[in-house]
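All values reported here derive from a predicted model rather than from experimental measurement. All heavy atoms count here, side chains included; hydrogens, waters and symmetry mates do not.
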Amino acid sequence: PSSLSDPELSAGLHSLDKGALASLASSFVHAVDRAEPSERHSLWERGVSRALRLWPRDKHLRGEELSRHLVRLAIWGQDFFGEVASNIEHLLEPIKVIGTILYELGQTTLPERHPRTVTRLLSKVVDPLGSRPYMDAQCSRLLSRMLGVEPEIKTMPEFEKLAKTGWFEL
């Protein structure tokens, strides 16, 4: 809440365990999802971005569940995707069951609008040792969609990592 100072909010966040932080991230996703599209950016600016700026960076507090919610927050907040991505990148861990994230991302124009950012985020959460997800045509073409807009991304180490999974059409 805006009534809390940064030190108070930071102390509150740092008092939470891994599961509670993941639940809080989930509540952010639901709040953005339920907000009118015209209100989403304001919701982001009023509170979510501040909380993420003060979020604990301890590695033991991260995990698949938190990563899933944070990436979904970025996807659902399409109009401020770049802002969310820059605030969550350092908090992401690989997700073994990634199908829903790929599906939701595939239904958007984010790969075409933000190819470098999408590549960086996906490279952080796609676990090459995880099971190959079921992917519809939109998902399997994620990398080719980004290449079509910005061919230079194929030289990014993150893109190469994603291409090596063999999950995506190139």
Side-chain angles (χ1 to χ4, degrees), residues 1-10 12-14 16 18 20-58 61-95 98-126 136 138-139 141-150 152-153 156-159 161-162 168:
S2 58
S3 61
L4 294 177
S5 67
D6 280 2
E8 291 169 326
L9 179 57
S10 180
L13 290 168
H14 282 82
L16 300 175
K18 183 178 186 174
L21 287 167
S23 293
L24 181 58
S26 175
S27 71
F28 291 161
V29 173
H30 293 294
V32 169
D33 178 38
R34 285 190 304 259
E36 292 293 326
S38 62
E39 297 172 357
R40 289 180 178 165
H41 194 266
S42 173
L43 179 63
W44 164 254
E45 287 181 333
R46 281 194 330 260
V48 177
S49 67
R50 181 172 166 239
L52 288 176
R53 184 174 44 81
L54 300 169
W55 203 269
R57 298 186 189 275
D58 305 316
L61 295 174
R62 302 181 210 162
E64 287 186 56
E65 186 180 4
L66 175 64
S67 294
R68 184 176 295 106
H69 295 311
L70 292 176
V71 172
R72 291 187 75 219
L73 176 65
I75 293 168
W76 282 87
Q78 290 184 42
D79 294 335
F80 46 99
F81 175 79
E83 293 173 64
V84 178
S86 67
N87 278 276
I88 66 170
E89 257 185 291
H90 62 282
L91 298 171
L92 299 177
E93 296 289 323
I95 301 171
I98 192 82
T100 302
I101 296 292
L102 296 175
Y103 176 78
E104 289 179 357
L105 187 59
Q107 303 307 305
T108 71
T109 59
L110 291 171
E112 290 83 6
R113 291 175 28 218
H114 302 278
R116 287 185 178 273
T117 306
V118 169
T119 299
R120 279 195 311 275
L121 284 186
L122 281 180
S123 75
K124 295 213 177 257
V125 296
V126 166
D136 69 2
Q138 287 294 89
C139 293
R141 289 196 304 265
L142 281 171
L143 297 189
S144 61
R145 289 169 56 192
M146 293 186 289
L147 273 174
V149 176
E150 191 171 340
E152 305 82 36
I153 65 168
M156 292 175 64
E158 297 93 342
F159 185 90
K161 174 187 171 186
L162 293 169
F168 303 96

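- For the pair Val71/Leu122, no side-chain contact is recorded, criterion being any heavy-atom separation below 4.5 Å from C-beta on.
- Here Pro94 pairs with Asp127 under the side-chain contact (heavy atoms from CB on, under 4.5 Å) rule; sequence neighbours left out.
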- request: Report the C-alpha separation of Trp55 and Asn87 in whole Å, then their side-chain angles, then the decisive distance to 0.1 Å, and conclude whether the side-chain contact (heavy atoms from CB on, under 4.5 Å) test is met.
  value: CA-CA 10 Å; Trp55 203 269; Asn87 278 276; over 6 Å; no
task: With side-chain contact (heavy atoms from CB on, under 4.5 Å) as the test, would you mind laying out the steps for Leu43 and Phe80 before giving the verdict?
output: CA-CA 11 Å; Leu43 179 63; Phe80 46 99; over 6 Å; no
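- Contacts classified as side-chain hydrogen bond (donor to acceptor under 3.5 Å, both in side chains) and involving residues 71-86 (residues at least two apart or in different chains) are given here: His41-Glu83, Trp44-Glu83, Arg72-Glu104.
- Across all non-hydrogen atoms, the minimal contact from Asp6 to Leu54 is O-CD1, 3.7 Å.
- Across Gly63 and Lys18, no two heavy atoms sit closer than the pair CA-CE, 3.9 Å.
- The distance from atom CD1 of Ile101 to atom NE2 of His69, rounded to the nearest 0.5 Å, is 9.0 Å.
- Side chain of Thr119 to main chain of Pro115: a donor-acceptor pair is present (N/O by atom type, distance under 3.5 Å, no hydrogens or angles).
- Glu65 contributes atom CD, which lies 6.0 Å from atom OG of Ser23 (distance to the nearest 0.5 angstrom).
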- request: Take Leu24 and Leu13 through the test side-chain contact (heavy atoms from CB on, under 4.5 Å) and record every step on the way to the result.
  value: CA-CA 9 Å; Leu24 181 58; Leu13 290 168; 3.5 Å; yes
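- The shortest non-hydrogen separation linking Leu52 to Leu91 is CD2-CD1, 4.4 Å.
- In this structure, Ile88 CD1 and Ser49 OG are separated by 13.0 Å, a value rounded to the nearest 0.5 Å.
- Once rounded to the nearest 0.5 Å, the distance linking CD1 of Ile75 with CG of Leu70 reads 11.0 Å.
- For the pair Ser67 (side chain) and Glu93 (backbone), a donor-acceptor distance under 3.5 Å is present.
- Interatomic distance, CD1 of Ile98 versus OH of Tyr103, reported as 15.5 Å (0.5 Å rounding).
- The backbone N or O of Arg57 sits less than 3.5 Å from a side-chain atom of Arg62, completing a donor-acceptor pair.
- A distance of 7.0 Å separates CG in Leu121 from OG1 in Thr117, rounded to the nearest 0.5 Å.
- Under the 3.5 Å distance criterion, the side-chain polar atoms of Arg40 are left unmatched by any main-chain donor or acceptor of Gly77.
- Contact between Phe28 and Ala51 at its shortest, heavy atoms only, is CZ-CB, 3.8 Å.
- The backbone N or O of Ser123 sits less than 3.5 Å from a side-chain atom of Lys161, completing a donor-acceptor pair.
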What pairs of donor and acceptor atoms, side-chain ones from residues 141-150 against any protein atom, are under 3.5 angstrom apart with sequence neighbours left out?
residue, atom, partner, partner atom, Å
Arg141, NH2, Gln138, OE1, 2.8
Ser144, OG, Arg141, O, 3.0
Arg145, NE, Glu112, OE2, 2.6
Arg145, NH1, Gly106, O, 3.0
Arg145, NH2, Thr108, O, 2.6
Arg145, NH2, Glu112, OE1, 3.0
Arg145, NH2, Glu112, OE2, 3.3
Glu150, OE2, Arg116, NE, 2.5
Glu150, OE2, Arg116, NH2, 3.1

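- In this structure, Ser10 contributes its side chain and Pro7 its backbone to no donor-acceptor pair below 3.5 Å.
- The two atoms that bring Leu66 and Leu21 nearest to each other are CD1-O, 4.0 Å, heavy atoms only.
- Shown here for Pro56 and Leu61, the closest heavy-atom pair between the two residues is CB-CD1, 3.7 Å.
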